[in-house]
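The block underneath contains the structure these notes are about, expressed in structure tokens.
Quick note on labels: first sequence line is chain A, next is B, and so on, each numbered from 1. Fair warning: this is a prediction, and the values are worked out from it, not measured in the lab.
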Number of protein chains: 2
Amino acid sequence: MNSGVDSITQARETGTLGKLMALLDLVTHADAPLRFTDILSLAGQPRGTLHRQLSHLVEEGLLELDGDGRYAPGLRLLDFAARSWARNEFRLIAEPHLADLQQATGETVHLGVLRGSSIIYLDKVEGHQPVRMYSQIGNASPCYCTGVGKAALSRLPAESLANLLSGLSFTRFTASTHVSAETLLTEIREIADLGYAFDREEHEAGIRCVAAPIWSEDRTFIGGVSITGPAYRLSMELLSQWAVPVQLAAGRIMEGMRVRLGPRR
Amino acid sequence: MNSGVDSITQARETGTLGKLMALLDLVTHADAPLRFTDILSLAGQPRGTLHRQLSHLVEEGLLELDGDGRYAPGLRLLDFAARSWARNEFRLIAEPHLADLQQATGETVHLGVLRGSSIIYLDKVEGHQPVRMYSQIGNASPCYCTGVGKAALSRLPAESLANLLSGLSFTRFTASTHVSAETLLTEIREIADLGYAFDREEHEAGIRCVAAPIWSEDRTFIGGVSITGPAYRLSMELLSQWAVPVQLAAGRIMEGMRVRLGPRR
DNA sequence: GCGCTTGTTCCATTATTTGGAACTTAATTT
DNA sequence: AAATTAAGTTCCAAATAATGGAACAAGCGC
């Protein structure tokens, strides 16, 4: 069930914090609560050290230790995230345009942003039903097999793109997932010309999408919007027709950001 | 707009991590992105130290530094939280019962857990409309002015309760908010007898709720469920009638936890 | 009980954080 | 435009915290 997201890769120059966050990553990325020994083997650190690190994380509420000695993600993370989300400017600006797009198409709309080589979903608007938002929002998905991801890559400066691609490790999710930097690069070039991207069931079988990129002038910020739905309902032809509205929505969001954040960037 | 949640109060024995988390708290609790100098005055630390701490937090993606030198919560927090939420056992067990309760009453149902002296909302089920879940989920609210909070307190062992009450600082949100430990304690004793709690517009004017506590045998885990809605629609009489279904739902959730987590606790 | 695994504590060594000050850069005023 | 002030960044010896090996406890299966 793990999405194969490029996790870990510490070696950051963040001293103690970096080590602790790598550990937190390790525990939160697991599919189930881990016991001390499991973590010990995964983290490859001395017992004493690991024990203290875990204790600190637990004490701070970032991890939780249940009665059976298993470590699970802590609830303080939720509190932090709730604030992070509520105040995110990009999301706030995009919100009305996502709703419009949802109304116009009747399908699910996603907003995502490129972070490293992952796409982090910031918002999701579905037409009907109480939405289980956390089920998607906040999730990190690979950039090479999602519509938003490929759209985002298409706006990256050549050098950054080359860098990112060279560091990528591909996981095949479906028959049509890109598994080489070459074919991916070819498609990204096409996308750069067209101004929109498709996901042809590359991340999940039976799920398609059209996406358009959103970027700041200085390219420090890159994300995208998409319309997603089941393949049986969304023919490639229909998706092609939606390319225009998705691009328009992306344009309006960029305009909103320009107004809000000042035109200079 | 800040909910007056008892934040900070570090003095934890968590070394470097504790200091950094207190700083992260400070920035994420602010209503808007903070500039370096703002944080400097709030945190009361030497410039050099603060600068490095912020750099580390930014490097790790826990904070973000925009082009204008302002610090805002980072997106990595979302990724962490998404996992924390998706895997939370209590929430998973409660989910179907919350939905049932929502169906039965037509009003909004909340699930919360006591953490320190705050209630952290873990889930929310509304009847209609795409839900903006992060708008509530993950939020920490004071325990003394919410239905779930007071219900939870009623199941705390006497000693823990006394401790918690003595450390509480009250903020008056509405005319009926408890602002002294004495009146609160009196009500909590009633609640302990009755088995359910009301929120009589104590946190937000015009909003009422009935809540029932959920607890593990050893009282290490305490939370609650509630039905919430506008006062004009939810008379106190109607709320009283819902006390039974709320308690039943709470009972079923506890039963679910007993089965899942083993009967010993 | 015995051996084995798992989890916890201790403490000298090592590495990181600290905080004052000096230094750069940007913004504002004269 | 120069002078002045504020804002942000870098440096390094001293103080503090993290490390990791080993010894110590607690469970568990046999």
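Between the side chain of A:E64 and the main chain of A:L75, a donor-acceptor pair closer than 3.5 Å is present. A donor-acceptor pair under 3.5 Å is formed between the side chain of A:Q247 and the backbone N or O of A:G195.
For the atom pair SG (A:C143) and CG (A:L168), the distance works out to 5.0 Å, reported to the nearest 0.5 Å. Here CD of B:E89 is found 10.5 Å from CZ of B:F221. Values are rounded to the nearest 0.5 Å.
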Spell out protein contact along nucleotides 24-30 of chain D as letters: B when the base is contacted, S when just the sugar-phosphate is, - when no protein heavy atom is under 4.0 Å; keep the 5' to 3' order.
-------
Whether each nucleotide of nucleotides 8-17 of chain D has a protein heavy atom under 4.0 Å at its base (B), only at its sugar-phosphate (S) or at neither (-) is summarised, 5' to 3', as BBB------S
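For the pair A:L17 CG and C:dT18 P, the computed distance is 11 Å after rounding to whole Å. Atom CE of A:M21 is separated from atom C1' of D:dA18 by 17 Å (rounded to the nearest Å). Taking atom CG of A:L40 as the reference point, atom C1' of D:dT19 lies 14 Å away to the nearest angstrom. Taking atom CG of residue A:L20 and atom P of nucleotide C:dT17, one finds them 10 Å apart after rounding to whole Å. To the nearest angstrom, C1' of C:dG20 lies 15 Å from CG of B:L50.
Phosphate proximity of D:dT19 to A:Q53: present, with a side-chain N or O under 4.0 Å from OP1 or OP2.
In this structure, A:V27 and A:I39 have side chains that are in contact, with non-hydrogen atoms separated by less than 4.5 Å. In this structure, B:L122 and A:L78 have side chains that are in contact, with non-hydrogen atoms separated by less than 4.5 Å.
Between B:D25 and A:R76 there is a salt bridge, with a side-chain nitrogen of the basic residue lying less than 4.0 Å from a carboxylate oxygen of the acidic one.
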Stepwise, does the ring pair (Phe, Tyr, Trp, His ring centres under 6.0 Å) test hold for B:Y71 with B:F36?
CA-CA 7 Å; B:Y71 292 88; B:F36 181 83; 7.0 Å; no
